[in-house]
Amino acid sequence: MATKHEQIIRYITSLEIGEKISVRQIAKHLHVSDGTAYRAIKEAENQGIVSTIERVGTIRIEKKKKENFERLSFAEVINIVDGQVLGGRDGLHKTLNRFLIGAMKLEAMMRYTEAGSLLIVGNRVKAHELAIEAGAAVLITGGFDTDESIKRLADEKQLPIMSTSYDTFTVATMINRAIYDQLIKKEIVVVDDIFTPFHEAHYLYKTDKIKNWHALNQETSHTKFPVINDERKLVGMITSKDIMRKEVEVHIDKVMTKEPQVVHPQTSLAYVAHMMVWEGIEVVPVVDEFMVLQGIITRQDVLKALQHVQRQPQIGETIEDIITGNLTTDKDATNYMTVVTPQMTNQLGTLSNGVFTSLVTEAATRLVESLNRGDLVVENITVYFIKPVPIDAELCIQPKILEIGRIYTKIDVEIYNEKKLVGKGLLMAQLIER
């Protein structure tokens, strides 16, 4: 039987896109407390099926697909620019395909304005009207208002017309940055992308007995299972070690491991990989903020995802991407070369500490990869800054393995500028086989 929390989520999911919801409305409709309704709405917001906008309320929105995550909804635009809605609230859930700045003559502006776009413009009422007629939303900069007839038109077309106190250039920069940030986030694999969902996972109830573990083990050949209560909340994990030399009639909650390691749907793949290596865990339960079991993630899931990520083209570049992208090998393919660019420096114009650490880590990682020993999970890194490194300096990075075993390695990295030692790093890490 579904919990009250799950019933509320299902109810919200069944609502029409764009419909407004409230704590009081849900509490009254489903006969639950305000607190239960509030927590479920927050979970729905985390899942991306509702959005709460200041001065507007909470509305049902279409959950974005990962591949289209770089598209912002008009509701998100309002939050980004700290704006207010003048009309067309029913269209806030829609996404913008592109935005354009209305800094040209009216005729030229309309040639570029198309359905699904966002026109960023100042106090030009005729431009507001023509844009909405063309199927575009409007964002008015400078804190200006618009005519009441335009607001009614926006309501009729279900296209938002919004206002912000920021100037046009600032607004365009803010929206562009938000889209770029989404592109970078798009590349980050999280548990939600790869885990086995609840309806496909195997689990046991705390009221089950050890004989039920044996039956499930026979059916699946798995040896580790999450244990839940009647409300689907995780209460423990049961493994083959827990049931050794125990009578088959003993209840599982008497021998299971309580308070096991867990992850959440938005936990990053990198964190899960590190935890599995560090703790020696094969299976981790995936739970929501209320400890309700959502599914499981296995070591095999993580390894497959890591290999897949390494084959993907990169879209949004982080500072670290820029740093490591400029790293090349010398003619003997034993050392790594790079040039210090302005992005790699601190306020004094010398190589920043964070960039130095990234160079040490990347050189060590590439050395291990060249030996076909898999990927690194860094446990400890110590760096020594011997001399400041200026902009445009050419660096030679020399990694050297001091120790390497089946699951552990220690690497020394020296960095030279003009054949003079400018810094060193000592890195200790565990190895993940591919």
Side-chain angles (χ1 to χ4, degrees), residues 1-15 21-23 25-27 29-52 58-66 69 76 185-186 188-208 224-238 252-253 256-276 279 281-299 301-302 305:
M1 182 177 174
T3 64
K4 289 180 180 179
H5 181 83
E6 291 172 319
Q7 291 173 17
I8 297 170
I9 295 293
R10 287 176 189 170
Y11 169 71
I12 293 172
T13 306
S14 70
L15 296 175
I21 61 173
S22 69
V23 169
Q25 168 209 337
I26 286 181
H29 182 79
L30 296 177
H31 307 292
V32 298
S33 68
D34 287 356
T36 301
Y38 174 79
R39 287 193 294 273
I41 289 174
K42 280 298 176 187
E43 173 62 18
E45 195 167 2
N46 291 337
Q47 292 180 17
I49 58 176
V50 303
S51 178
T52 302
T58 302
I59 58 174
R60 172 77 167 91
I61 62 172
E62 187 174 0
K63 187 171 182 179
K64 296 177 183 178
K65 295 179 181 178
K66 183 122 177 126
F69 197 62
E76 289 171 307
K185 288 178 183 177
K186 174 183 168 183
I188 300 173
V189 179
V190 294
V191 168
D192 195 37
D193 299 319
I194 61 173
F195 80 109
T196 302
F198 179 78
H199 65 273
E200 296 177 16
H202 300 286
Y203 52 89
L204 292 164
Y205 287 94
K206 63 181 294 186
T207 52
D208 285 336
K224 302 175 178 65
F225 305 104
V227 182
I228 60 175
N229 62 17
D230 292 337
E231 295 181 337
R232 216 176 99 182
K233 287 190 176 181
L234 182 77
V235 294
M237 282 288 287
I238 185 85
I252 279 176
D253 64 344
M256 69 184 182
T257 301
K258 296 179 180 178
E259 298 183 2
Q261 293 270 16
V262 298
V263 294
H264 299 280
Q266 294 308 309
T267 303
S268 72
L269 175 67
Y271 177 85
V272 181
H274 186 274
M275 184 177 76
M276 284 183 161
E279 303 287 348
I281 301 173
E282 296 287 338
V283 178
V284 182
V286 181
V287 299
D288 65 11
E289 59 184 309
F290 306 108
M291 289 300 288
V292 175
L293 185 67
Q294 304 297 304
I296 60 169
I297 187 167
T298 67
R299 186 183 285 249
D301 294 331
V302 172

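Because only heavy atoms are used, hydrogens play no part in the values below, and waters and symmetry mates are left out as well, while side chains stay in.
Among residue pairs with one or both ends in residues 282-292, those qualifying as salt bridge (Lys or Arg N to Asp or Glu O under 4.0 Å) are Glu282-Arg299; sequence neighbours excluded. Listed by first and then second residue, the salt bridge (Lys or Arg N to Asp or Glu O under 4.0 Å) pairs that reach into residues 34-44 are Lys42-Glu45, sequence neighbours excluded.
Remark: of the listed residues Val227, Asp253, Asp208, Val227 is the sole one forming a side-chain contact (heavy atoms from CB on, under 4.5 Å) with Ile238.
Under the 4.5 Å side-chain criterion, counting only non-hydrogen atoms from C-beta, Val263 is in contact with Met275. Residues Lys206 and Ile252 fail the side-chain proximity criterion, which asks for heavy atoms closer than 4.5 Å. Within the 4.5 Å cutoff, no side-chain heavy atoms of Val283 are placed close to those of Ile297. In this structure the side chain of Asn229 never reaches within 4.5 angstrom of the side chain of Tyr205, judged on heavy atoms. At least one side-chain heavy atom of Pro265 sits under 4.5 Å from a side-chain heavy atom of Val286. Contact annotation: the side chain of Val262 approaches that of Leu234 to within less than 4.5 Å [non-hydrogen atoms, C-beta and beyond]. Looking only at side-chain heavy atoms (C-beta outward), Ser22 and Thr58 stay at 4.5 Å or farther from each other. Using a 4.5 Å cut-off on side-chain heavy atoms (C-beta onward), Leu269 and Val190 make no contact.
Atom CD1 of residue Ile228 and atom CE of residue Met291 lie 12.0 Å apart, to the nearest 0.5 angstrom. One distance of note links CD of Gln7 with CD1 of Ile26; it measures 12.5 Å at 0.5 Å rounding. A distance of 8.5 Å separates CD1 of Ile12 from CZ of Arg60, quoted to the nearest 0.5 Å. The distance from the NE2 atom of His29 to the CD1 atom of Ile8 is 11.0 Å, given to the nearest 0.5 Å. Put simply, CE on Met237 and CD on Gln261 are 11.0 Å apart, with the number rounded to the nearest 0.5 Å.
The heavy-atom pair separating Phe225 from Tyr203 by the smallest distance is CB-CA, 4.4 Å. The minimum heavy-atom distance between Leu293 and Pro226, with the atom names listed, is CD2-CG, 3.9 Å. Closest approach of Ala37 to Ala27, counting heavy atoms only: CB-N, 4.1 Å.
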- Apply the test side-chain contact (heavy atoms from CB on, under 4.5 Å) to residues Ile59 and Ile21: give CA-CA distance (whole Å), side-chain angles for both, the deciding distance (0.1 Å), then the verdict. CA-CA 6 Å; Ile59 58 174; Ile21 61 173; over 6 Å; no
- Message: Between Val191 and Gln266, does the side-chain contact (heavy atoms from CB on, under 4.5 Å) criterion hold? Intermediate values first, please.
- Response: CA-CA 6 Å; Val191 168; Gln266 294 308 309; over 6 Å; no
- Mind running side-chain contact (heavy atoms from CB on, under 4.5 Å) on Ile296 and Lys224 for me, showing each step along the way? CA-CA 11 Å; Ile296 60 169; Lys224 302 175 178 65; over 6 Å; no
- Stepwise, does the side-chain contact (heavy atoms from CB on, under 4.5 Å) test hold for Val287 with His264? CA-CA 5 Å; Val287 299; His264 299 280; 3.8 Å; yes
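A donor-acceptor contact shorter than 3.5 Å is absent between the side chain of Arg232 and the backbone of Val292. Thr13 places a side-chain N or O within 3.5 Å of a backbone atom of Ile9 that can act as its donor or acceptor partner.
Under the ring-ring contact (aromatic ring centres under 6.0 Å, His included) criterion, Tyr38 pairs with no residue, sequence neighbours left out. Taking His202 as the reference, His222 meet the ring-ring contact (aromatic ring centres under 6.0 Å, His included) condition, with sequence neighbours excluded. Here Glu259 pairs with nothing under the side chain to side chain contact (heavy atoms under 4.5 Å, CB included) rule; sequence neighbours left out. Partners of Gln25 under the side-chain hydrogen bond (donor to acceptor under 3.5 Å, both in side chains) rule, at least two apart in sequence or in another chain, are Tyr11. In terms of the ring-ring contact (aromatic ring centres under 6.0 Å, His included) criterion, Tyr271 has no residue partners (sequence neighbours excluded). Every side-chain hydrogen bond (donor to acceptor under 3.5 Å, both in side chains) that Asp301 has, sequence neighbours left out, goes to Thr298. Take Ser33 and apply the side-chain hydrogen bond (donor to acceptor under 3.5 Å, both in side chains) test, not counting sequence neighbours, and it matches Thr36.
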